[in-house]
Amino acid sequence: MIETGNDGRTWLLTGRTSSYALRLTDADELLHLHWGPRITPADVAELATIPLPGERGFESRLDGHEEYPVEGGPRFAEPALIVRSETVRGTEWTFGDAVVDGDELRLGFRDDLAGLSLVLHYRLREGHDVLERWTDLTHTGRDGTLEVLRADSATWSLPLRDSWRLSQLHGRWGAESVLVRSAVTYGGKTIGSRRGHTGHQHLPWVALDPEGSATEEHGEVFSCALAWSGSWRIATRQLPGGRVQITGGCGHDDTGLVLLGPGDTFTTPVFAGVWSAEGFGGASAAWHRWQLEHVVPRADQDRPVLYNSWEATGFDVGEAQQRALAERAAAIGAELFVVDDGWFGTRTSDRSGLGDWTPNPDRFPDGLAPLATAVHELGMRFGIWVEPEMVNPDSDLYRRHPEWVQHVPGRVPAQFRNQLVLNLAREDVASYVEDQVHRLLESAPIDYVKWDFNRCFTDPGWPGEPYPQRLWVDHVRALYGILDRLRAAHPEVAFEACSGGGGRVDLGILSRTDQVWTSDNTDPADRLAIQYGFSQLHPARVMAAWVTDSPNHQMNGRVSSLRFRFVSAMAGVLGVGGHLTRWSEEDLAEARRWIDLYKSVRPVVQRGRLYRIGQPDGPGVSAVQYVLGDETVVLAFLRSQRFGEEPAPLRLRGLDPGATYVCRDSGREHRGAVLAHHGLRTGLRGDLDAAVFRLRRARTD
Ligand code: DGJ
């Protein structure tokens, strides 16, 4: 709901539990008034009477209060907008109009000297607390060009409190989305990516809680996340007066973003924010529900259990061997069989073949169709791996079009994994790539595409292009366009986003893919921490997790039971990636039982409300609990038990204290109040133990 004040210069957006308010001064300064619990127009009227502090010493009266602080004028905060032309640097805005359009508020401004217009968008969807914000910037002049060095999507202003704590998700390849918290101190802290993709190093997400007071279930949390799959930055800055602002958008600082000619508009990605009074768990639940209802395509359809060949066969794939794996995968209950890297061109290692998207004739003499058909006959869907934004120098494509890669003439382009990045910002390259994938999807009955991206941008040159900087943004836009058109042309095909594991996990890619590959690290114990961080922002419904071999040869050599591996991977979209033709009959039979169990809890895991109980690397039992309607599923983990210490029971969440719950596994009845206050005894012991509990509300007394 959006309410406009009587003078037409205040706005109040109200969601399920939260409100957001802003006002325009007589001098057309757009000021932030409120982000927090629901308030009324009368409250906004009072907030609007609180004057800005006067100018004090060297400080600006506006800093920390503006909705969209720009470079120019008396402002020293982190600017959201930096533009320059031959004659003007910085902007000064005059209010134009306000439009309320359903659940969206648009505020328009113009700067006649710079020849620019600015529209700030705010959308708070019915029944949600995630406020989506983005910005349009249009060159309104008749001539000349304007260079946009920075155009953030939004700036979020926090209420003045004694102190703040910042939570972020940092990482690296194989160890993504590790949650860390630190005190906010004066000055700025910027996280982001200078790599051309979202990056393994940071998820584009921050959460701030005042005085470090929030827990998993209680306290205020202000959280923001960016919907962008290229380079990006989120800057959190505490200003001299103590106020804290968070500003974020696409691009990183020194590249330049876009050149606007007359009539051109640049629309930023969405930088969304959520306020919760129910701690980090409440903030995650708000993010998850919003993504399932408004971001992730077809999120009402549960994802199938997949088998992926990568850890089993690597680059050494062939039709007979994949058929053998497929037979085993079908026998244990997999519903989707995915052939990973190595099926195309001369791709027998990572040194060649990328770019040539036709089946390797030695490995698949009759193309992919026979294998796809065999997989279908086994009752599974069929998927393949691609990496269409890349090329190996040793490929037919590169030999034909060496000029299609990002490069700076005269410099030797850096190679990571023996590959170069195709310049998708070029229309001819983008349309070629799209056509190749389109043909591939028409060449065989393919139901699923794992879309990988295995190196960063290092040589962002574009010979002949007057403004090569645009390739950073335009590559991502081209990728989005290709995915959108492929999805429209092949609506039955599902897409998984992957970038060497979790290098491209963000709200932008999730609005056009069905799931993401969370991490190349399939060790089930390491995964618990990765999944804990991932779940801060994203729901289990998009988090692919595989059971692989033990010892874990891909990562750390850790030995773990099938039980622990399965329960760990059941916390997301379950998959299997082990070398099934080497598994014993007992292991295969056990795998079948776990997959059956997963199918019985899948709707609750993939679409239920998540509760995180304990820390996955803490000393006791930790768990993820999912609640959907009357059903509750608990996945419990014990990393290591100390002698003489019985792990504390799991105090469950989200249950009706007056109801009786039946555990479908033990047959025992439990009172909701007892489960909440005294907890569920898990019986876990020793090292790396795990269990699944399925509870159903039987009756309410
Ligand atoms: C990186 C991915 O994360 C892996 O799962 C696998 O698909 C390889 N690429 C294949 O090259």
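The first residue in the sequence is number 1, and the count goes up from there. In listed order, ligands and their atoms are each counted from 1.
Residues passing the side-chain hydrogen bond (donor to acceptor under 3.5 Å, both in side chains) test with His438 are His490, sequence neighbours excluded.
Legend: ring pair (Phe, Tyr, Trp, His ring centres under 6.0 Å) pairs involving residues 303-339, not counting sequence neighbours, sorted by first then second residue: Tyr307-Phe337, Trp310-Phe315. The list of ring pair (Phe, Tyr, Trp, His ring centres under 6.0 Å) pairs with a residue in residues 514-541, not counting sequence neighbours, reads Trp517-Trp546, Phe534-His538.
Ring-centre distance between Trp472 and Phe457: below the 6.0 Å cut-off.
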For a distance cut-off of 3.5 Å, show me each N or O of ligand 1 paired with any protein N or O, plus the separation.
from: ligand 1; atom 1: 3 (O); to: Gly501; atom 2: N; distance (Å): 2.9
from: ligand 1; atom 1: 3 (O); to: Asp520; atom 2: OD1; distance (Å): 2.4
from: ligand 1; atom 1: 3 (O); to: Asp520; atom 2: OD2; distance (Å): 3.2
from: ligand 1; atom 1: 5 (O); to: Lys450; atom 2: NZ; distance (Å): 2.8
from: ligand 1; atom 1: 5 (O); to: Trp517; atom 2: NE1; distance (Å): 3.4
from: ligand 1; atom 1: 5 (O); to: Asp520; atom 2: OD1; distance (Å): 3.4
from: ligand 1; atom 1: 7 (O); to: Asp340; atom 2: OD1; distance (Å): 2.7
from: ligand 1; atom 1: 7 (O); to: Asp340; atom 2: OD2; distance (Å): 3.2
from: ligand 1; atom 1: 7 (O); to: Trp385; atom 2: NE1; distance (Å): 3.0
from: ligand 1; atom 1: 7 (O); to: Lys450; atom 2: NZ; distance (Å): 2.9
from: ligand 1; atom 1: 7 (O); to: Asp452; atom 2: OD2; distance (Å): 3.4
from: ligand 1; atom 1: 9 (N); to: Asp452; atom 2: OD2; distance (Å): 2.7
from: ligand 1; atom 1: 9 (N); to: Asn454; atom 2: ND2; distance (Å): 3.4
from: ligand 1; atom 1: 11 (O); to: Asp341; atom 2: OD2; distance (Å): 2.6
from: ligand 1; atom 1: 11 (O); to: Arg417; atom 2: NH1; distance (Å): 2.9
from: ligand 1; atom 1: 11 (O); to: Arg417; atom 2: NH2; distance (Å): 2.9

With salt bridge (charged side-chain N to carboxylate O under 4.0 Å, His left out) as the test, would you mind laying out the steps for Arg558 and Asp526 before giving the verdict? CA-CA 10 Å; Arg558 186 178 276 132; Asp526 280 8; 3.3 Å; yes
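At least one donor-acceptor pair closer than 3.5 Å links the side chain of Asp452 to the backbone N or O of Gly500.
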